[in-house]
Amino acid sequence: MNWQTTKKDFKRYLEFERNLSGNSIYAYLNDVHKLEVYCENLNLEIEKLTPQHIQHFLLWIDEFALSPFTQARLLSGLKTFFNFLQIEYDLATNPCELITHPRIARKMPSVLNIEEIDSLINAIDLSKPEGMRNKAIIEVLYGCGLRVSELISLKISNLFLDVEFIKVEGKGNKERLIPIGQQASKYLKIYMDDIRVHQAIKSGKEDFVFLNRRGAPLSRVMVFIIVKDLAHKIGLKKEISPHTFRHSFASHLVEGGADLRAVQDMLGHESITTTEIYTHIDKEYLQSVITQFHPRS
């Protein structure tokens, strides 16, 4: 059993049986590569690995100052790898099986209030050709709670604006329908009808909604730059990213009394526990109201 062969087979398993995205597959293989480097330094073979070796590996990797979250994700990836080896290569035991994940402090995501979102949108320079595109981007990020990967891969063929829905492809290539509000729909139509229609579009990219100046789909980096530039323009002190609009979307829905299961479906969360973090944000907001306004606080 050697690393190169098992990694190739593991990649095929993730692609064709687990149907994972390219980013997820890269993360899994990167985790396995870290263990491979460690084992090669000690001349250890895959089938000879024990729980003690894995524990020593985690101590070794901790020297690179990885966060507890990253370490937990790495251990989860290795468990999947060794489970695969048990099935496909008859590996006797999974050396990661009994190793517990490091404790992870639950970090509350940063959210924007309505005034901050309005300020960011109002700071967009509509005199530039890309201005209306950027306005549509922010409105869709906040109005639909999309991940940046879902935004840049959004297709015209998946827009059903007449019935106020869009279809997106989320993690693991899972599709979901999301309602789109009037504001997001309005500026999306303006961008498509008045701006995008005049662009020269690269062959094969005609179905992508958001395009750069060269007629190709926007990159993740470009969306991050758009958001960072707007935050800088209004002097926003919070550290934000495109994902902040997704957090704000969910938080504002929960604050308004939306059913948590409905929010889970719109965000595309597999587990309701992931969505429940927004109830904690809501409680923090209520606590701040009490502290600020109640005479006994």
Side-chain angles (χ1 to χ4, degrees), residues 1-104 106-107 146-153 155 168-176 217 219-221 243 246 264 267-275:
M1 194 186 302
N2 65 73
W3 288 101
Q4 297 310 312
T5 302
T6 54
K7 285 195 299 182
K8 283 181 181 178
D9 290 342
F10 184 49
K11 183 182 179 185
R12 292 193 193 96
Y13 162 75
L14 297 174
E15 284 176 337
F16 301 115
E17 294 191 40
R18 293 284 298 275
N19 197 30
L20 297 184
S21 68
N23 288 340
S24 296
I25 292 170
Y26 173 81
Y28 273 109
L29 294 177
N30 195 36
D31 293 339
V32 175
H33 177 69
K34 289 184 176 73
L35 180 62
E36 178 187 5
V37 171
Y38 174 78
C39 290
E40 285 179 347
N41 288 339
L42 298 178
N43 201 26
L44 280 171
E45 297 176 357
I46 301 175
E47 56 268 34
K48 299 293 177 60
L49 286 170
T50 66
Q52 289 73 30
H53 290 134
I54 300 298
Q55 287 175 327
H56 291 155
F57 164 70
L58 293 174
L59 290 173
W60 174 73
I61 208 76
D62 188 46
E63 295 176 6
F64 295 90
L66 297 182
S67 69
F69 177 84
T70 302
Q71 290 183 48
R73 187 194 55 73
L74 186 148
L75 181 57
S76 178
L78 292 180
K79 283 184 178 180
T80 302
F81 175 64
F82 283 107
N83 281 337
F84 165 77
L85 294 184
Q86 283 183 292
I87 296 168
E88 296 296 327
Y89 284 83
D90 295 323
L91 188 70
T93 59
N94 185 335
C96 299
E97 195 65 50
L98 300 178
I99 298 176
T100 57
H101 290 74
R103 294 181 64 86
I104 303 173
R106 202 172 201 185
K107 184 181 178 182
L146 302 190
R147 302 177 178 96
V148 67
S149 57
E150 296 166 349
L151 178 94
I152 62 176
S153 61
K155 305 282 181 32
V168 301
E169 189 176 282
K171 289 185 175 180
N173 299 322
K174 293 180 181 176
E175 293 183 338
R176 69 184 190 279
S219 66
R220 295 169 58 93
V221 172
H243 215 69
R246 178 173 163 87
Q264 177 191 1
L267 292 175
H269 287 161
E270 286 193 6
S271 170
I272 191 69
T273 57
T274 309
T275 317

Should Thr80 and Phe10 count as side-chain neighbours, where that means a heavy-atom distance under 4.5 Å? yes
Supply the atom-to-atom distance Cys96 SG to Phe57 CZ, rounded to the nearest 0.5 angstrom. 8.5 Å
Is the count of non-hydrogen atoms from other residues, nucleotides or ligands lying under 6.0 Å from Tyr89 atom OH greater than 12? yes
For Ile61 and Leu58, the nearest pair of non-hydrogen atoms, with its separation, is CG2-O, 3.2 Å
Answer yes or no: is there a side-chain heavy-atom contact under 4.5 Å between Thr50 and Pro95? no
In terms of heavy-atom contacts, does CG of Asn41 have more than 12 from other residues, nucleotides or ligands at under 6.0 Å? yes
If we only count heavy atoms from C-beta on, is the Glu175 to Val168 side-chain gap below 4.5 Å? no
Could you pull out all residues at least two apart from Asp90 that satisfy side-chain contact (heavy atoms from CB on, under 4.5 Å)? none
Sequence-distant partners of Leu98, side-chain contact (heavy atoms from CB on, under 4.5 Å), two or more places apart: none
Please determine, by modelled atom types, if Thr5 and Asn2 share a side-chain donor-acceptor pair under 3.5 angstrom. yes
Keeping to residues at least two apart or across chains, list the salt bridge (Lys or Arg N to Asp or Glu O under 4.0 Å) pairs with something in residues 12-31. Asp9-Arg12, Asp31-Arg73
What is the distance from atom CG of Asn30 to atom CD1 of Ile25, rounded to the nearest 0.5 Å? 13.5 Å
Spacing of CD belonging to Glu47 relative to CG belonging to Leu85, to within rounding of 0.5 Å: 9.5 Å
Output all residues satisfying salt bridge (Lys or Arg N to Asp or Glu O under 4.0 Å) with Glu45, sequence neighbours left out; order by chain, then residue number. Lys48
Could you give the distance from CH2 (Trp60) to CD1 (Ile54), rounded to the nearest 0.5 Å? 12.0 Å
First locate atom OH of Tyr28, then atom CG of Leu74, and finally report the distance between them rounded to the nearest 0.5 Å. 11.5 Å
In this structure, CZ of Phe81 is separated from OG1 of Thr6 (nearest 0.5 Å) by 4.0 Å
Applying side-chain contact (heavy atoms from CB on, under 4.5 Å) to Ser219 and not counting sequence neighbours gives Val221, Met222
Could you work out, with salt bridge (Lys or Arg N to Asp or Glu O under 4.0 Å) as the rule, every residue matching Glu36, not counting sequence neighbours? Lys7
Can you check whether Glu150 reaches Glu169 side chain to side chain, under 4.5 Å on heavy atoms? no
Looking at every heavy atom in both Arg220 and Ile152, which two are closest together, and how far apart are they? CG-CD1, 3.6 Å
Does Asn94 reach the main-chain N or O of Gln86 with its side chain, forming a donor-acceptor pair under 3.5 Å? no
Any side-chain to backbone donor/acceptor pair from Ser76 onto Ala72? Under 3.5 Å, distance only. no
Under 4.5 Å between any side-chain heavy atoms of Phe84 and Leu91, yes or no? no
In terms of heavy-atom contacts, Asn83 and Glu97 come closest through OD1-OE1, 3.9 Å
So do Cys39 and Trp3 actually touch side chain to side chain, heavy atoms under 4.5 Å? yes
Please walk me through it: do Leu267 and Arg246 pass side-chain contact (heavy atoms from CB on, under 4.5 Å)? CA-CA 8 Å; Leu267 292 175; Arg246 178 173 163 87; 3.6 Å; yes
Has His56 got a side-chain atom pairing as donor or acceptor with His53's backbone, closer than 3.5 angstrom? no
